[in-house]
Enquirer: 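The structure under discussion is supplied below as structure tokens; questions concerning it will follow.
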Number of protein chains: 2
Amino acid sequence: MEKQVTIYDLARALNLSTATISRALDDSPLVKPKTREKIRAMADKMGYRQNLIASNLRKQQSRTIGVLLHEVNSYFSTSVLAGIEKITTHEKYDILIAHSGEDGEREIANTRNLFNKRVDGLIVSLAMTTVATDHFTPFFEQGIPVVFFDRVAKKMPCNKIVIDNFKAGYEATAHLLQQGYRRIAHITASLQRNVYEDRFRGYKKALADHNIHFDPLLMESCSLNREDTLAVMDQLLEQKPDAFFITNDFAAAVCMDELQRRGIRIPEDIGVMGFNNDILGSLINPRLSTVDYPGTQMGETAAQILIDKIKTKKNGKATAEHKSVIIPSTLLIRESSVKKDRHRRSHK
Amino acid sequence: MEKQVTIYDLARALNLSTATISRALDDSPLVKPKTREKIRAMADKMGYRQNLIASNLRKQQSRTIGVLLHEVNSYFSTSVLAGIEKITTHEKYDILIAHSGEDGEREIANTRNLFNKRVDGLIVSLAMTTVATDHFTPFFEQGIPVVFFDRVAKKMPCNKIVIDNFKAGYEATAHLLQQGYRRIAHITASLQRNVYEDRFRGYKKALADHNIHFDPLLMESCSLNREDTLAVMDQLLEQKPDAFFITNDFAAAVCMDELQRRGIRIPEDIGVMGFNNDILGSLINPRLSTVDYPGTQMGETAAQILIDKIKTKKNGKATAEHKSVIIPSTLLIRESSVKKDRHRRSHK
DNA sequence: TTTTGAAATGTAATCGATTTCATTATACAA
DNA sequence: TTGTATAATGAAATCGATTACATTTCAAAA
């Protein structure tokens, strides 16, 4: 385990000051090209590597962005991460990923840790069980930019990247209604979170606009994991629904699988509509109708806005105003929600 | 944007030295409980937050582990990450995730960056196009522990967490043979990587053991993404195979979908065997036979071994010997590879 | 009361790079 | 040759926490 080579070692070896070394390695025009070359050569020869911890301490930055995710196991999450990474790599930032596993307590602990690590900015999607948002105030007080995406805090004024969940929920439900489905069951998650609440409102509005009475017995919230979804589905089937609108493709796929196992035909007997456009949906039979959710684009947008805020902050300009971006989502109609006979009839 | 509160501010406010403050906040028994309480209270009151960058510089550590992944978009990758995270969270380490997108060049750049960030250890799965492994030598020279998992460098002596890919490939192929399939096509990825090479060897050995001549025309390497897989499958179909052994569940699902679209029945006409046990496989029809790949366990093991190495290193004991762990994988026989008629016959 | 050892606190160096504010070298004009 | 502007380099402070080593405090023993 050799000792690290520092700029002091380089300075000694070349009989120069650390100031010159530092400047040379930073490509500063203040040092003579010939000197710079000498320093470069010696740095290579001695195997010098910059100590970013020391650099960051001095520069009062970390060139790191914290990403606080509710979960990482979905296609949506990895898409968002890919989008964030694309931008941050280009802008030479690192990302520190923390995930809360949908647990508000862990979200708080993670937020605290990222703050202590002095991340230059934060990208957040709230956990399912988060209620208060006090844990972000240290960031606001220090003027460290925070961008929320997807799962945002409704009341708080902040930077937000979202889709129009109300509209998406409305359109998905309206589509099912147009296909002739009437008793549309809705499986979703905690209504505390904007995304689920908005979609639910969209669902109810679409029903109302089609003169259908909303039946509370046709709606259930759960964690959307396999077991909970199956349990909830089982319960809802007693209400004799003719369609399911499920706010998650994985849960929708689980339902479809179980329905088919019970001999129920999709979409003839029961129509299914998912949400998120997970790859999964294009590989199951019948192909799942869903709402395309541009994860990569959300990630890119969030990262770009965050980095812009970080940069303008450095230039001293305060940027108090909050950006709010709505990314377009689109209804993706495939097979699980399109009644074939009805379709055929309409063509004849 | 207020100024950060430092231990100097606390020291001044309480008329104590920074040494005492630092010790108190670290729960050192060297400071009187009463003093500690006072310090704690003042820290809370003034909103003190530890600056981990300064702390890490002084302590010559980062309490961060670098994770270098070939990709992050698979169920396997997220499982591994979950496993790593479980351990690191418990041991109070952060993880810095870098992914190479299967590109060797990016892997080199990422490795360099993680080194400069002074990660305390590194967990790696090699990219598809990586050839040399010189980029890891700075870690070895500095005695920074590195653990490879899954995609490891065969020739290099190092810490490795793998499954027995040869055995898994053998068993998967043998199972298909037992089911009566004879012309088994093999779709895999770059044979440069141990995992694919070993599985391929297992495949060939199983064929040989069943007195079946290996036909090179039945084997193709590709990136395993949708388009490439479909192209390769199309080509292989000309060789009239009666089964596919595909080293990736996603690619297998894509194939199954396309085969069924062409009216080919699975498993009656063609049997399909995947690899990795992606959730996907349990949601498609017929359910995909595959090899269960314990990602979470691999992640946990890799993280635990790495942290142990970091700890023993701190205690001064050099740990030159390399750990090599083989995690058990299991053949998961579902529907896509089991000939129903044959099955029935054997029961009658 | 003095001694003594442990307990508590303090002083200052340290981690490694950056950067402000000098200072020295160099080139060109007068 | 001298003066002067500019280019190049250096000395030392700085970022904030930790910690080796020194010093003070205090209670119990002598």
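Keep in mind the model is a prediction, meaning the values are calculated, not measured. Hydrogens, waters and symmetry mates play no part in the numbers below; they use all other heavy atoms, side chains included. Just so it is clear: chains get the letters A, B, ... in the order the sequence lines come, proteins before strands, and each one is counted from 1.
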Enquirer: What is the minimum heavy-atom distance between A:Tyr93 and A:Thr64, and which atoms define it?
Expert: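 It is CD2-N, 4.0 Å.
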Enquirer: Would A:Asp9 and A:Arg12 pass as an ion pair if we require N to O under 4.0 Å?
Expert: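 Yes, A:Asp9 and A:Arg12 are salt-bridged.
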Enquirer: Taking only N/O atoms, report every protein-nucleotides 7-13 of chain D pair under 3.5 Å with atom names and distance.
Expert:
| from | atom 1 | to | atom 2 | distance (Å) |
| --- | --- | --- | --- | --- |
| D:dT9 | OP1 | A:Thr35 | OG1 | 2.8 |
| D:dT9 | OP2 | A:Lys32 | N | 3.1 |
| D:dT9 | OP2 | A:Thr35 | OG1 | 3.4 |
| D:dG10 | OP2 | A:Ser17 | N | 2.7 |
| D:dG10 | OP2 | A:Ser17 | OG | 3.2 |
| D:dG10 | OP2 | A:Thr20 | OG1 | 3.0 |
| D:dG10 | N7 | A:Arg23 | NH2 | 2.9 |
| D:dG10 | O6 | A:Arg23 | NH1 | 3.4 |
| D:dG10 | O6 | A:Arg23 | NH2 | 3.2 |

Enquirer: May I ask you to evaluate whether A:Ser22 reaches the phosphate of C:dT18, defined as a side-chain N or O under 4.0 Å from OP1 or OP2?
Expert: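 Yes, such a contact exists.
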Enquirer: Counting side-chain heavy atoms from CB outward, which of D:dC15, D:dA17, C:dA17 is closest to A:Leu57?
Expert: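 Closest of the options to the side chain of A:Leu57: D:dC15.
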Enquirer: Round to the nearest Å and state the distance from B:Leu52 atom CG to D:dC15 atom P.
Expert: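 After rounding, the reported distance stands at 18 Å.
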Enquirer: Separation of B:Asn116 atom CG from C:dG16 atom P, in whole Å?
Expert: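 The answer, rounded to whole Å, is 14 Å.
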Enquirer: When the distance from NZ of B:Lys34 to P of D:dC26 is rounded to whole Å, what number comes out?
Expert: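 Atom-to-atom, B:Lys34 to D:dC26, this comes out as 11 Å.
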Enquirer: Send over the distance from A:Gln60 CD to C:dT18 C1', rounded to a whole Å.
Expert: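 Spelled out: CD on A:Gln60 to C1' on C:dT18 is 11 Å.
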Enquirer: Is B:Arg193 salt-bridged to B:Glu102, going by a charged N under 4.0 Å from an acidic O?
Expert: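 Judged by the 4.0 Å cut-off on N to carboxylate O distance, B:Arg193 and B:Glu102 do not form a salt bridge.
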Enquirer: Relative to the ring of B:Phe149, is the ring of B:Phe76 parallel (under 30°), tilted (30 to 60°) or perpendicular (over 60°)?
Expert: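 B:Phe76 vs B:Phe149 ring planes: tilted.
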Enquirer: Check whether A:Thr111 reaches the backbone of A:Glu107 with its side chain - one donor and one acceptor, N or O, closer than 3.5 Å.
Expert: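 Yes; judged by distance alone, with no hydrogens or angles, the pair exists.
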Enquirer: How many Å lie between CG on B:Leu25 and P on D:dT18, as a whole number?
Expert: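 Computing the B:Leu25:CG to D:dT18:P distance gives 8 Å.
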Enquirer: Using a cut-off of strictly less than 4.0 Å, decide whether B:Gln50 has a side-chain nitrogen or oxygen near OP1 or OP2 of D:dT18.
Expert: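 Looking at the OP1 and OP2 atoms of D:dT18, one of them is under 4.0 Å from a side-chain N or O of B:Gln50.
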Enquirer: Tell me the interatomic distance from B:Glu37, atom CD, to C:dA8, atom C1', rounded to whole angstroms.
Expert: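 Rounding to the nearest Å, CD of B:Glu37 and C1' of C:dA8 are 16 Å apart.
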Enquirer: Over how many whole Å does the gap from B:Ile21 atom CD1 to C:dA8 atom C1' extend?
Expert: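 Checked: the CD1 to C1' distance equals 13 Å.
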Enquirer: Kindly give the heavy-atom pair with the smallest separation between B:Arg40 and B:Ala24, and that separation in Å.
Expert: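 So the two residues come closest at NH2-O, 3.6 Å.
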Enquirer: How long is the line joining CG of A:Asp27 and C1' of C:dA17, in whole Å?
Expert: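 From A:Asp27 CG to C:dA17 C1': 16 Å.
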Enquirer: To the nearest 0.5 angstrom, please state how far the CG atom of B:Leu68 sits from the CZ atom of B:Arg106.
Expert: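 These two atoms lie 10.5 Å from each other.
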